[in-house]
Amino acid sequence: MNGDAGAVDLTGFLTLTRREVLRFLRRPANTFAPPFITNVLYFSVFGVILGERVGTITGVPYILFILPGLVVLGAVSNSFENASFSIFHGRWNEYIHEVLTSPLSYAGMVGAYVLSAATRGLLVGGLIAAIGWAIVSALFRPVPVEKPAYLLAFMLVITLLFASLGVIGGLAASDFDDLTVMNQFILRPLVFFGAVFYSLEDLTPLLRDVSLLNPMVYMVNGVRYGFLGVAEVDPRLSLAVLAGMTAAAVGIDVLLFKRGYGLTD
Amino acid sequence: MTNALEVEDLRKSYGDLDALKGVSLTVPEGSFFGLLGPNGAGKTTFINVLVGLVRASGGDARVFGHDVEDDYRKARDRIGLAPQEFNVDRFFPIHEVLEHKAGYHGVPHDVAAERAERALKQVGIYDKRDTRFDWLSGGMKRRFMLARALVTDPDLLILDEPSAGVDVQLRRDLWDLVTELNERGTTVLLTTHYIEEAERLCDEVAILDRGRVVTVASPEDLMDRGTDRVVVTLRDPPASAASLSAVLPGDDRIEDVSLEEGRLVVTARQGGLVAPDLVRELDRAGHEILDMEIKRTSLEEVFVDMTRHDEGDEDGRDDANEGAPDDAPLETAAPGGGEGSR
């Protein structure tokens, strides 16, 4: 081998991670401009214009209330999209063979795809937070970060989780339309019904109970807890459940790579 | 000596379709080995099993002693593959694609950059290093495929139709480069439709057909099995070939004597050896020879003959696997079975 197995795997993992990160960094018009524009619109329309009518939710201005949810929306959708697109595009054009025919371990391959996709999710989440911070600070007050450790932990876990799910999506897709379906018809409804724009307290008991089946509720709730220090669901329980889901999703990714699901004939 | 490749009873099925039906091959280290076969013979499936892009349904394959599934990381690290399809990362300039490929094989970034530069120079497209693959010409793309296979310093270089669609000059450049690599110790496994390529480059070739190995032999041995045509132009050719058939009685190398457009055509094995006897006997019989041409059988003709399928030849044979005789008559060597595919 070109070195011992461990060193080969580490170098291979770092190379693939670097390749994946460079891919989205070098195309900001495709990766960062859309969430930038979309979120400027979200904050302007929902936060500023509608926010004035809504007033406050859970004691904070509406625009501040929706900020964590928008950060989650951007972070998870970009994590998912990056992993699913990168893998599916590589499959579609078969250049994923460059990775598959290498001595990189399956865990190393998955780790690189997941970590790089989560990095994009974190960067987009940070970008949205910066947009919200700029608008909210200008109109009301500086955006607080009451529980920074929780905020960081939740952001890490949810981006890793959706990056891992994106890997599954990229392996399962048989057409580019499948990626659109996953993003538009599964991911976005979950996010929009995940208490991004409203409080669970505003729902009827039945709808509130149904909402609690949506994992997105726990993510939005956790990130909101990180920013505002208020939570409608116990953040420690949310974090533990989400971390468990992430570990399971990564495990499934590795298993699928090992079995060659969507990758080998 | 270690074998670069040891394959035993390798099988691959896609549902009812058997692409590989028990292929067994041994490729010695340092050899230049050709894998010939018509479309659908199973060549690409065979190669893809070695590099992990296809999962075998049965059998074993080892690369330098490493099982391609159980010890896949060591096996893949020894292989450099230039596939037929242009499966190249389109997002990056080609020098970065090479750096990435080397990196996946554990080569540190600075060394990978040096190797990428060297590989691009080797194949003659260094001045295009900052270009993305899509913007290369067809010939340059083919060169790049070889560069990508070389950037990991492979011990086993697998070339799947490397000269498909390239011009004569480029083909010769590729031949020279690959020959040089082979002379320096790299084992080469080549699949090609250009029989001339195998004839010129390979120490040994395996003919694969419908998922089975038909035979393994050197190109020279294979050509010796074919029949040559000795075409003789006579000043006064007879009306029929019957009188000429008696010219060389008892020579079992001669398979047929005929007249075609007034010229004598003798079909024989080892036509070059038959020709002097033929000239002598014709002269002795009083025929004046105006011209003579020996049309040596080509490997291509042997190949076509061995992979020709007749109705009802479902029960093919695999007479060239290790330990099996590879000098069976050509007529019985054509295997049967279903169509293979990649």
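Quick note on labels: first sequence line is chain A, next is B, and so on, each numbered from 1.
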Got more than 12 heavy atoms from elsewhere within 6.0 Å of CZ, A:Phe176? yes
Once rounded to the nearest 0.5 Å, what's the spacing between atom CD of B:Glu85 and atom CG of A:Asn93? 12.5 Å
Part of B:Tyr104 within contact of chain A (heavy atom distance under 4.5 Å): both
Of the non-hydrogen atoms in A:Leu104 and B:Arg73, which two are nearest, and what is the gap between them? C-NE, 4.2 Å
Do B:Leu53 and A:Leu100 touch side chain to side chain, with heavy atoms closer than 4.5 Å? yes
Contact class of B:His66 relative to chain A, heavy atoms under 4.5 angstrom: neither
Do you know which two heavy atoms are closest between A:Pro103 and B:Asp77, and how far apart they sit? CG-OD1, 3.4 Å
Nearest 0.5 angstrom please: A:Thr101 OG1 to B:Asn48 CG, how far? 9.5 Å
Do A:Arg18 and B:His100 have side chains that get closer than 4.5 Å, going by heavy atoms? yes
Tell me whether A:Phe32 at atom CZ has more than 12 heavy atoms from other residues, nucleotides or ligands lying less than 6.0 Å away. yes
From the list B:Arg90, B:Arg148, B:Arg76, B:Lys101, salt bridge (Lys or Arg N to Asp or Glu O under 4.0 Å) partner of A:Glu98 resolves to B:Arg148
Taking atom CZ as the centre, does B:Phe86 end up with more than 12 heavy-atom neighbours from other residues, nucleotides or ligands that are less than 6.0 angstrom away? yes
B:Phe91 and A:His89 aromatic ring geometry - parallel, tilted or perpendicular at 30°/60° bounds: tilted
Which atoms form the tightest heavy-atom contact between A:Thr264 and B:Gly52, and what is the distance? CG2-O, 3.2 Å
Specify the closest pair of heavy atoms between B:Glu99 and A:Thr15, including all atoms of both residues, with the distance to one decimal. O-CG2, 4.4 Å
I'd like to know whether NZ of B:Lys141 has more than 12 heavy-atom contacts from other residues, nucleotides or ligands below 6.0 angstrom. yes
For A:Leu22, is it the side chain, the backbone, both or neither that has a heavy atom under 4.5 Å from a heavy atom of chain B? both
Sub-4.5 Å side-chain heavy-atom contact between B:Phe92 and A:Arg23: yes
Can you tell me which of A:Leu263, A:Ile96, A:Leu16 forms the most heavy-atom pairs within a distance under 4.5 Å of chain B? A:Leu16
Heavy-atom pair of closest approach, residues B:Pro93 and A:Arg26: CD-NH1, 4.3 Å
Go through it in stages, so that I can follow the logic: the residues are A:Asp265 and B:Lys12, the test is salt bridge (Lys or Arg N to Asp or Glu O under 4.0 Å), and I'd like the CA-CA distance, side-chain angles, deciding distance and then a yes or no. CA-CA 10 Å; A:Asp265 292 331; B:Lys12 175 62 186 177; over 6 Å; no
Locate the shortest heavy-atom distance separating A:Tyr95 from B:Asp89; write the atom from each residue and the value. CB-N, 3.3 Å
